[in-house]
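The figures that follow rest on heavy atoms only: side chains count, while hydrogens, waters and symmetry mates do not. Nothing here was measured: the structure is a model prediction, and the numbers come from that model.
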Amino acid sequence: MSKEEDAPKVFRALKDRAERKFARVRDAPLHPYGGSGPQYGHFFHTVFKAHMKLWKYQQQNRAKLTESGLQRSEIGEIASRIGQLYFNQYLRTSEARFLLEAYIFYEAIFNRKYFDGSAKDRSIRFKELRFYARFLMVSLVLNHVEMVKLLVQKFKELVDYSKADFRRLLKFRDALLTSYHKNEVKFAELTLDTFRMLQCLEWEPSGSFYQKHSVEARENGGQADHSITSGLIDVNLMADMTDPNLPPNPKKAVLYRPSVTQLISVIATVCEKLPPDHVMLVYLSTSGTSGNCSTSQMENPKISRKYAMSSGPANNHHEQSNGFCENHITTNGDSDQYFKNSLSLGPSKNGDSDNLFPGDIIPFTRKPLFLIIDSDNSHAFKVLRGAERGEPAALFLSPLAPSFKNSIGIDMARHGSQFTFFLTAPLQAFCQLVDYNLTSDDMDIYKNVESILSTAFSKWEEILCTSTELDLVWAQLLCDPFLRRLILRFIFCRAVLNLFCAREKGDQYLPVCLPEFPDSVGVNSKAVQPAIAEIAEHFKVAHCFRFS
């Protein structure tokens with residue numbers, strides 16, 4: 001048999017082998033604490049190796065394979081699978097280089113139009129739609145706004161063009177576009193709040209980052225024609241996209257609608273693997289349940305469930321000589337208080353309610369813990385303070401209900417939680433609160449306000465770092481840049497909501513931090529209130545606040 005006849009046979013064998021290996025990791029946990037981390041790490045290596053071997057073989061034998069009937073969509077499918085593997089590995093390791101590699105492959109597929117002509121084949125069309133969805137997710141995480149806009153437009157055009165022939169695609173389009181607006185793309189099981197928190201815990205690239213210029217095909221042929229079968233993807237482009245000045249991202253585990261058992265298992269594994277002088281951040285966002293709440297409160301369908309955990313350096317300096325800290329252990333003997341109220345994680349497999357109680361968290365306070373709870377029953381977790389089993393915990397608890405100047409048109413399922421919004425994008429959350437619609441004409445105002453807030457944050461940071469009244473729990477967290485940013489944004493959020501005159505009276509509309517911050521960064525302090533007033537003046541919404 002000639003080499004020309006061998007090439008298609010070898011290609012099919014390599015493709016079948018790669019598919020079989022991929023099936024072994026298809027359902028692997030997309031986080032580094034799945035219980036079989038090293039095993040899945042080995043599987044990923046073998047799967048990736050098989051796909052790269054397939055990719056290189058089709059590059060080297062492109063002419064022979066094309067003559068034997070190789071379709072461009074098949075090339076795109078291989079590249080898309082490699083991009084998917086890279087993105088999944090990014091989710092498991094939090095290493096930005098894998099995210100960048102995924103983007104390189106997806107961008108090449110997009111520019112080379114590998115799936116063009118898919119209207120003739122329904123199976124290819126669905127592969128193209130899946131590609132767009134995954135490319136959207138990668139672009140969202142990288143915050144490539146222009147590419148996101150372009151992909152959404154292309155996606156809509158793709159489905160609208162085919163709707164006469166593919167009625168089933170209409171439901172698929174509506175579901176996915178709705179998910180996009182929530183940033184809840186089902187392929188990655190990532191909700192808007194999780195997406196915001198995920199980006200908040202990633203290093204932001206410098207101005208020199210991602211300076212490479214993408215080459216796009218032109219109809220007049222002025223640039224390279226990617227419709228030809230070159231199939232070349234420069235896998236070394238990642239070196240040009242990586243910012244060498246940034247340290248590694250903290251490891252993160254993103255869990256979508258886990259059971260209580262799964263959640264506790266992952267938290268336990270994180271605690272077990274937590275390096276010295278590190279702190280575990282646990283972020284929970286879900287609806288709450290209480291013995292005194294109504295059914296409507298317990299089963300709020302507009303609050304989606306999402307969870308994210310991250311461990312990062314905190315440079316703890318504990319003065320305890322052993323693992324016990326008797327001053328932080330409750331002695332009243334009332335253990336029932338830790339199991340009265342809970343967070344609802346949804347129905348379990350056997351139909352029972354799957355609820356997370358404050359008492360479920362207590363065992364993990366043997367290690368440094370920073371707990372952020374965004375829920376309509378978050379205040380139930382106040383009882384954790386004083387119940388620690390070795391390490392005083394730091395807590396941010398959301399308001400039990402949001403506040404808005406104009407609540408009409410605010411869909412929490414679509415816009416996400418207000419509290420998480422303040423922690424991840426404080427100025428945008430401020431504008432949402434006061435119903436200020438930003439336009440392109442407001443960019444100068446927005447930049448001025450950003451400068452005001454940045455100056456205020458620097459001042460608050462200095463106050464906290466030099467305060468003799470700051471609790472040691474917060475002092476040790478200030479050493480980490482991600483946690484420090486969350487602390488400063490919480491101070492801003494709490495002050496804005498306290499001063500907001502349109503909110504209803506009651507502590508349930510205010511966030512809680514435990515232990516308390518010093519009065520020097522309190523709502524009425526000289527360092528905080530004037531900054532809020534200045535921001536309100538710039539946006540011409542000072543009438544929405546009560547300033548002393």
Side-chain angles (χ1 to χ4, degrees), residues 1-26 28 42-89 97-98 100-135 138 158 212 214-218 221 223-240:
M1 185 180 290
S2 65
K3 293 183 178 180
E4 286 76 7
E5 293 173 327
D6 281 342
K9 185 176 180 180
V10 173
F11 175 78
R12 298 302 171 189
L14 290 173
K15 185 176 181 180
D16 290 343
R17 185 181 306 169
E19 287 293 331
R20 288 196 301 270
K21 290 182 179 295
F22 181 81
R24 302 180 70 183
V25 298
R26 188 187 302 273
H42 171 71
F43 284 164
F44 171 81
H45 178 74
T46 59
V47 173
F48 179 77
K49 186 177 180 180
H51 279 81
M52 289 306 297
K53 185 175 182 180
L54 174 64
W55 179 256
K56 291 179 180 178
Y57 187 84
Q58 65 84 21
Q59 282 185 318
Q60 296 166 356
N61 298 273
R62 176 62 61 83
K64 302 172 187 176
L65 294 173
T66 301
E67 290 176 5
S68 67
L70 178 69
Q71 301 297 313
R72 286 181 55 77
S73 60
E74 293 183 80
I75 303 170
E77 186 179 358
I78 299 170
S80 181
R81 177 60 58 77
I82 295 174
Q84 182 183 354
L85 287 169
Y86 270 128
F87 183 63
N88 288 353
Q89 189 66 355
R97 61 190 179 94
F98 292 120
L100 299 174
E101 291 280 18
Y103 186 89
I104 289 169
F105 271 84
Y106 285 146
E107 184 185 46
I109 297 168
F110 180 76
N111 287 337
R112 287 166 172 76
K113 302 181 180 180
Y114 280 128
F115 289 107
D116 263 20
S118 64
K120 299 178 181 179
D121 190 314
R122 179 173 296 185
S123 64
I124 297 176
R125 174 55 54 88
F126 278 109
K127 291 174 183 177
E128 185 176 15
L129 288 168
R130 285 194 291 269
F131 154 71
Y132 271 107
R134 292 184 177 118
F135 192 13
V138 171
L158 179 69
K212 82 178 192 69
S214 301
V215 179
E216 297 182 4
R218 288 181 180 175
Q223 292 181 337
D225 183 5
H226 293 306
S227 63
I228 63 175
T229 57
S230 65
L232 296 176
I233 293 180
D234 186 355
V235 296
N236 295 318
L237 282 175
M238 195 271 291
D240 299 328

| task | Kindly compute the distance separating NZ (Lys15) from NE2 (His51), expressed to the nearest 0.5 Å. | result | 9.5 Å

| With distance as the sole test, does Gln58 use its side chain to make a donor-acceptor pair with the main-chain N or O of Trp55 at under 3.5 Å? | yes

| message | For Phe22, does the six-membered ring have the charged nitrogen or CZ of Arg81 within the cation-pi criterion, i.e. under 6.0 angstrom from the centroid and within 45° of the normal? | response | yes

| Tyr132 backbone acceptor or donor facing Tyr106 side chain under 3.5 Å | no

| request: Please step through side-chain contact (heavy atoms from CB on, under 4.5 Å) for the pair Lys64 and Asp6, ending with a clear verdict. | output: CA-CA 9 Å; Lys64 302 172 187 176; Asp6 281 342; over 6 Å; no

| note | d(Leu14 CG, Glu19 CD) to nearest 0.5 Å is 12.0 Å

| field | Which residues share a ring pair (Phe, Tyr, Trp, His ring centres under 6.0 Å) with Phe48, sequence neighbours left out | value | Phe44, Tyr86

| message | What's the separation between atom CZ in Phe105 and atom CD1 in Ile82, rounded to the nearest 0.5 Å? | response | 4.5 Å

| field | Contact check, side chains of Phe11 and Leu54, non-hydrogen atoms, under 4.5 Å | value | yes

| message | Nearest 0.5 angstrom please: Leu85 CG to Met52 CE, how far? | response | 10.5 Å

| said: Taking side-chain hydrogen bond (donor to acceptor under 3.5 Å, both in side chains) as the definition, give me every residue that meets it alongside Gln71, ordered by chain and number, with sequence neighbours left out. | reply: none

| remark: Closest heavy-atom pair, Val138 versus Ala102, reported as atoms and distance to 0.1 Å, is CG2-CB, 4.3 Å

| message | Checking Arg12 now: which residues fulfil salt bridge (charged side-chain N to carboxylate O under 4.0 Å, His left out) with it, not counting sequence neighbours? | response | Glu74

| query | Looking only at heavy atoms, which two atoms of Ala50 and Lys21 are closest? And how far apart? | reply | CB-CD, 3.7 Å

| How many angstroms lie between CZ in Arg72 and OG1 in Thr66, if you round to the nearest 0.5 Å? | 9.0 Å

| task | Could you tell me which residues satisfy salt bridge (charged side-chain N to carboxylate O under 4.0 Å, His left out) with Lys127, sequence neighbours excluded, listed by chain and number? | result | Glu77

| query | Considering all heavy atoms of both residues, which atom of Ile109 and which atom of Ser80 are nearest to each other, and what is their separation? | reply | CD1-N, 3.2 Å

| request: Rounded to the nearest 0.5 Å, what's the gap from CG on Leu129 to CZ on Phe115? Could you check? | output: 10.0 Å

